[in-house]
Amino acid sequence: MASETIETAEGGTLLPPKVTDKRGRFFQLRVAGVWAVLLALFVLFFLSFGLDFPFILDKFPALAGFRLTKDGFIQGAALTLFVCFFAIAASIVLGLLSSLARLSNSALFYGLSTFYTSFFRGTPLLVQIFLIYLGLPQIGPVPAAIPSGIIALSLNYGAYLSEIFRSGILSVPLGQREAGASLGLHRLQIMWKIVLPQAMRIVIPPTGSQFIAMLKDSSLISVMGVWEIMFLAQSFGRASYRYIEMLTTAALIYWILSFMFEMVQARLEAHYGRGYKR
């Protein structure tokens, strides 16, 4: 990797650095070879357990979400993606609002934001799930299991995204805001059209990592009896005492879903990083 910067006489950076990637196709082929070798060793390792493949094939459609429950509702990976989709959307909104409140001059908004991020980053996600699912009924509301899981994941990851968004917004030079103001743009227009597009390059990598972590942490909602991947894997394994088959299959499904998320993240990084590459 090589980078160039244009600096002022005082040593300050005038323009963002442009990054040149000198790794060629041969490097990519070698990386693919390393992956192929490791994947082969990985497969051989699990084959040494003497897995019952007919049993795996029988249960795989339910785990992968290709089969509906007896009530006609989704299950397995389909339910996991359903929960994560709504939790991701809600956590983005919560994170952005919390970061803007943290950057505001209002003592009320600043206090609400810091209290929110401190509590939900400082307590375990599993405790938050139980507080919502088992605690709220004691004071009135009785949320169902799936909405409880979505709410808990949203609140938890919104707190982490708040800090990510705040750091991304602060990374944009103050001169960009001043330039927008000189053009007569409103503060909201400056934030939406100037600051956020530039902050996306900084925000996307850690945000993508958070969403992949959310995908895996969604397995915690299985404690409420939600028929997602982990709940089904445990249930099928317990019924036939074939835990290794079901847990291995569940791990493979999570890995595939995570890989899909990584591909989306890579596309977004390439899109918002176009102005910084040669």
Side-chain angles (χ1 to χ4, degrees), residues 51-95 120 124-137 141-161 207-265:
L51 303 178
D52 187 345
F53 287 102
F55 178 75
I56 294 176
L57 292 176
D58 180 57
K59 302 300 182 183
F60 180 79
L63 285 169
F66 301 146
R67 185 183 299 165
L68 299 178
T69 65
K70 294 180 180 179
D71 298 330
F73 194 67
I74 57 176
Q75 62 178 338
L79 183 53
T80 295
L81 291 175
F82 176 84
V83 170
C84 288
F85 174 80
F86 287 100
I88 286 172
S91 64
I92 289 176
V93 174
L94 287 171
F120 283 98
L125 175 57
L126 186 59
V127 173
Q128 297 165 17
I129 292 173
F130 282 135
L131 284 175
I132 294 171
Y133 185 60
L134 301 178
L136 288 182
V142 183
I146 294 178
S148 296
I150 294 175
I151 293 172
L153 288 170
S154 302
L155 291 172
N156 183 272
Y157 278 89
Y160 287 97
L161 290 181
T207 299
S209 298
Q210 289 296 318
F211 289 159
I212 292 174
M214 178 191 290
L215 175 69
K216 295 177 289 185
D217 281 347
S218 66
S219 61
L220 293 176
I221 68 175
S222 64
V223 299
M224 298 183 292
V226 178
W227 286 36
E228 46 76 63
I229 300 173
M230 198 62 195
F231 179 85
L232 293 179
Q234 290 178 314
S235 300
F236 293 152
R238 187 183 307 112
S240 58
Y241 206 72
R242 288 287 182 178
Y243 284 104
I244 189 64
E245 282 86 352
M246 290 297 92
L247 293 177
T248 302
T249 305
L252 180 61
I253 293 174
Y254 278 118
W255 190 12
I256 293 173
L257 294 178
S258 297
F259 187 77
M260 293 168 58
F261 273 53
E262 290 172 7
M263 294 297 100
V264 174
Q265 176 185 336

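Note that the numbering runs from 1 along the sequence shown for the chain. Note that the structure is a prediction, hence the values are computed from the model and not measured.
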Over all atoms of both residues, closest heavy-atom pair of Leu125 and Ala152: CD1-O, 3.8 Å

Nearest heavy atoms of Ser218 and Ile221, plus distance in Å: O-CG1, 2.9 Å

Matching residue for Met230 among Leu247, Leu63, Thr80, Val223 - test: side chain to side chain contact (heavy atoms under 4.5 Å, CB included): Leu247

Flag, side chain of Ser222 to backbone of Val226, donor-acceptor distance under 3.5 Å: no

Pairs touching residues 239-251 that satisfy side chain to side chain donor-acceptor pair (under 3.5 Å), sequence neighbours left out: Arg242-Glu245

Heavy-atom pair with the smallest gap, counting every atom of Phe60 and Phe66: CE2-CE1, 3.9 Å

Check: Tyr254 and Ser219 side chains under 4.5 Å, non-hydrogen atoms: yes

Tyr157: which of Ile88, Ile92, Asp217, Leu94 passes side chain to side chain contact (heavy atoms under 4.5 Å, CB included): Asp217

Gap between atom CG of Leu126 and atom CG of Asn156 - 0.5 Å precision: 11.0 Å

Euclidean distance, Ser209 OG relative to Glu262 CD, rounded to 0.5 Å: 8.5 Å

Residue pair Leu68 / Gln75, side-chain heavy-atom distance below 4.5 Å: no

Atom of Tyr160, atom of Phe120 and distance for their closest heavy-atom approach: CE1-O, 4.4 Å

Heavy-atom check, side chain of Gln234 versus side chain of Met246, under 4.5 Å: no

Leu131 and Leu136, any side-chain heavy atoms less than 4.5 Å apart: no

Ser91 side chain reached by Leu153 side chain, heavy atoms, under 4.5 Å: no

Worked verdict on Glu228 versus Val83 for side chain to side chain contact (heavy atoms under 4.5 Å, CB included): CA-CA 9 Å; Glu228 46 76 63; Val83 170; over 6 Å; no

Rounded distance [0.5 Å steps], CZ in Phe86 versus OG in Ser154: 10.5 Å

Nearest-0.5 Å distance, CZ of residue Arg67 to CD1 of residue Ile74: 15.5 Å

CG on Leu134 to CD1 on Ile129, rounded to 0.5 Å: 10.5 Å

Validation row: Ile146, Phe73 side chains within 4.5 angstrom (heavy atoms): yes

Distance in Å, Ile212 CD1 paired with Met260 CE, rounded so as to fall on 0.5 Å steps: 11.5 Å

Heavy-atom pair with the smallest gap, counting every atom of Ile253 and Ala64: CD1-N, 4.0 Å

Heavy-atom pair of closest approach, residues Ala77 and Leu257: CB-CD1, 4.3 Å

Ile151 side chain near Ser148 side chain, heavy-atom distance below 4.5 Å: no

